[in-house]
Amino acid sequence: MNKANILVVDDDQEIADLVAIHLEEEGYEAFQAYSGKRGLEIFDAEQIDLVILDIMMPGMDGNEVCRQIREKSTVPIIMLSAKDAEMDKVTSLYQGADDYVTKPFRPMELVARVKSQLRRSQNFSGGQNQLSGVVDMPNLWMEKKTHSVKAYGREVGLTPTEFDLLYLLASHPGQVFTTDEIFERVWKEKSFEMSNTVMVHIRRLRGKIEQDPRNAQIIKTVWGVGYKCE
């Protein structure tokens, strides 16, 4: 049985209950909150391994909850929203979300996203199925076994998704990856117009590892093609 603790935050109690039922059927422990404020209280009180977070909630919306969680934790965050506009997805990703699911959704699709994010997170925190590997570049050092990162000599904290994306590029120096290739390798799903998702994560990464994100020296853009690490 899976023992991960998952926090479901949605002001629609029926949706929160439905998600919790499917998670518990898979062996997860589900905590429910019907407001952003209560969600943060549960997050601080319990050992939460993943958050499923509705965007459109009265009072404190999901993006603000996501932002506050990201200030203190790298746990995976999956956003739920009835909105399907690309800009809404981009906004959530900028706040630190790892994935985005549009309502209405199939519960088993959401469970599959949960399993994918938890696998990445467990590897990130020291699971047994890690592969050893060290990247040693002039301005970047990474160790896959411990998920350690140093950029320009300083330690950098990355989410599991950010680490996987950076490791993909850095472990293939000089090789250019398209946004579709990056999405399919990192998210382990077929890419259907997911370039903005990759672009947002690249921008977040540059903000963490580059000395001057506007003049990036580690992650280079190859215009019209994709990205590479020098």
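Residue numbers start at 1 and run along the sequence shown. The analysis underlying the following values was restricted to heavy atoms, covering all of them including side chains, and did not include hydrogens, waters or symmetry mates. Small disclaimer: the values here were computed from a predicted structure and weren't measured.
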Is a salt bridge present between Glu162 and Lys208, judged by a nitrogen-to-oxygen distance below 4.0 Å? yes
Look at the side chain of Trp187 and the backbone N and O of Asp98, then say whether any donor-acceptor pair between them is shorter than 3.5 Å. yes
Minimum heavy-atom distance Ile55-Asp61, with the two atoms named: O-CB, 3.2 Å
Tell me the closest heavy-atom pair linking Val8 and Ala16, and the distance in Å. CG1-CA, 4.0 Å
Counting distance only, does the side-chain N/O of Arg70 pair as donor-acceptor with the main-chain N or O of Gly96 below 3.5 Å? yes
So Val135 and Lys144, do their side chains get closer than 4.5 Å, heavy atoms only? no
From the options Ile218, Leu169, Val156, select the one residue that forms a side-chain contact (heavy atoms from CB on, under 4.5 Å) with Leu140. Ile218
Could you check if a side-chain atom of Glu210 sits within less than 4.5 angstrom of a side-chain atom of Ile219, using non-hydrogen atoms only? yes
Between Arg67 and Glu71, is there a side-chain N and carboxylate O pair less than 4.0 Å apart? yes
Is there a path from Tyr152 to Phe163 through hydrophobic residues (I, L, V, M, F, W, Y) whose side chains come within less than 4.5 Å of each other? yes
For the backbone of Asn215 and the side chain of Gln217, can you confirm whether one donor and one acceptor N or O come within less than 3.5 Å of each other? yes
A quick test of your reading: do over 12 heavy atoms of other residues, nucleotides or ligands sit less than 6.0 Å from CE of Met56? no
Aromatic contact, Phe177 with His172 (centres under 6.0 Å): yes
With a 4.5 Å limit on heavy-atom distance, are the side chains of Leu165 and Thr161 in contact? no
Is there a path of hydrophobic side-chain contacts, each under 4.5 Å between heavy atoms of I, L, V, M, F, W or Y residues, that connects Leu168 with Val222? no
Considering only NZ, NE, NH1 and NH2 on the basic side and carboxylate oxygens on the acidic side, decide whether Lys103 and Asp10 come within less than 4.0 Å. yes
Do Leu40 and Ile69 touch side chain to side chain, with heavy atoms closer than 4.5 Å? yes
Looking at Asp49 and Asn5, would you say the former's side chain and the latter's main chain have a donor-acceptor pair under 3.5 Å? yes
Do Ile78 and Gln117 come within less than 4.5 Å of each other through their side chains, counting heavy atoms only? yes
Within a strict 4.5 Å, meaning less than it, do heavy atoms of the His147 and Met142 side chains meet? no
For Thr146 and Glu143, what are the C-alpha separation, side-chain angles and deciding distance, and is it a side chain to side chain donor-acceptor pair (under 3.5 Å)? CA-CA 6 Å; Thr146 60; Glu143 184 178 43; 2.8 Å; yes
Shortest non-hydrogen pair, Val9 vs Ser35, comes out as CG1-O, 3.5 Å
